[in-house]
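Step one of this worksheet: look at the structure below.
Start at 1 and go down the list; that is how both ligands and their atoms are numbered.
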Amino acid sequence: MLKIQDVARHAGVSAATVSRVLNGRSTVNPELAARVHSAVRELGYRPNGVARNLRRRQTTLWAVLISDVGNPFFTSLVRGVEDGGRQFGYSVVLCNTDENRAREAEYIAVALADNMAGVIISPADDSTDISALVAAGTAVVTIDRELAETEVDAVLVDNEKGAEMATAHLLESGYRRIACITGPRRMSTAMRRLRGYQRALRAFGLPSDRSLVRHADFREEGGYSAMAALLDEGVEVDAVFAANNLMTVGAVECLTERGVAIPAQVGVIGFDDIPWARLFRPGLSTVRQPTYELGRAAAQLLADRIDNPAKPAARMVLQTELHPRESSSPRAC
Ligand code: RIB
């Protein structure tokens, strides 16, 4: 039976390098990593972890870990995963982490204990630890949010481009004092959307005014409180870009309760399309994420990873779409 040492000899590297590559460490020189992957393919080596899972008769279950079961964004995403998984003979177990790292770790332990064939995870935050899954040889795909320094498959959207599109749309509509309500600093989607907002302002020749940027919780309450703080502090605002669906709803709720006219006094655009966005009066401008397609793509990558554990990690970045409606109509000059 082939051992790591055989792969190392064939690739002309140390056994430790082979182990680091197969355990998804991104600290390995890419040229050496490529030699290891080639040697694995040429020799037909299967890491013990996979052989052990085969001996243990792995289940046909996938665990899908999401960070907020109350958010319609995840409903459509999980639908895509489930439809994709069933196509390959897998069933899906839904785990809601509520962006709580301890609960997330519990669900990762359950997936390992129950020999689940694979895990799709929207990390609770940037420091989510998936090393136990990688070390066990469990196939993993991250979705929606990124984990730096891990060599695992990832399915994302171009968050910066989407946020830049939203902000540029407001600028082109005549808004100049644009607030950005984004999520927590510890989450990649929050920071990438903030960077897209700042990039649009720079491209338009406008300075980034820190008083216009607020970090909230990616939930309705946080969007409401952030909007209320901007108004209560007397910050001059003529538009708001909210970096996810729930915070957009919260911000609109606050503006409406305060009698602020949308878009006459404050224009609004939100990241994530919302099933009922066009039912708002005025209709809500949004940046749509291809949520169902994200789920389907993650299912495809996970099935491929289970069949071919040693192939190099893939990173898929899908594009968002701008859906302008009345809430960001051009400002009357
Ligand atoms: O509303 C869901 C979206 O906002 C997802 O991208 C999630 O990561 C949060 O950032």
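A 6.0 Å sphere centred on CD of E236 holds no more than 12 heavy atoms belonging to other residues, nucleotides or ligands. The environment of CZ in R176 is crowded: more than 12 heavy-atom neighbours from other residues, nucleotides or ligands sit within 6.0 Å. Within 6.0 Å of CZ on R185 lie no more than 12 heavy atoms contributed by other residues, nucleotides or ligands.
With hydrogens left out, the protein atom closest to atom 9 (C) of ligand 1 is R145 NH2, 3.7 Å, a heavy atom. Among all protein heavy atoms, the one lying closest to atom 7 (C) of ligand 1 is D144 OD2, 3.3 Å. In this structure, the protein non-hydrogen atom closest to atom 3 (C) of ligand 1 is D272 OD2, 3.4 Å.
When T182, T167, L170 are each tested for a side-chain contact (heavy atoms from CB on, under 4.5 Å) with Y197, only one passes: T167.
Judged by the shortest distance from any of its heavy atoms, Q289 lies inside the 4.0 Å radius around the atoms of ligand 1.
When only modelled atom types and interatomic distance are considered, Q87 and D83 share no side-chain donor-acceptor pair under 3.5 Å.
If you number the atoms of ligand 1 from 1 as listed, the ones under 4.0 Å from a heavy atom of N245 come out as 1 (O). Counting atoms of ligand 1 from 1 in the listed order, those under 4.0 Å from a heavy atom of N244 are 1 (O), 2 (C), 4 (O). The atoms of ligand 1 that sit less than 4.0 Å from any heavy atom of R193 are 3 (C), 4 (O), 5 (C), 6 (O), 9 (C), 10 (O). Annotation for ligand 1: atoms under 4.0 Å from non-hydrogen atoms of N71 are 1 (O), 2 (C).
Taking the six-membered ring where tryptophan is involved, the planes of F88 and W62 are tilted, since the angle between them lies from 30° to 60°.
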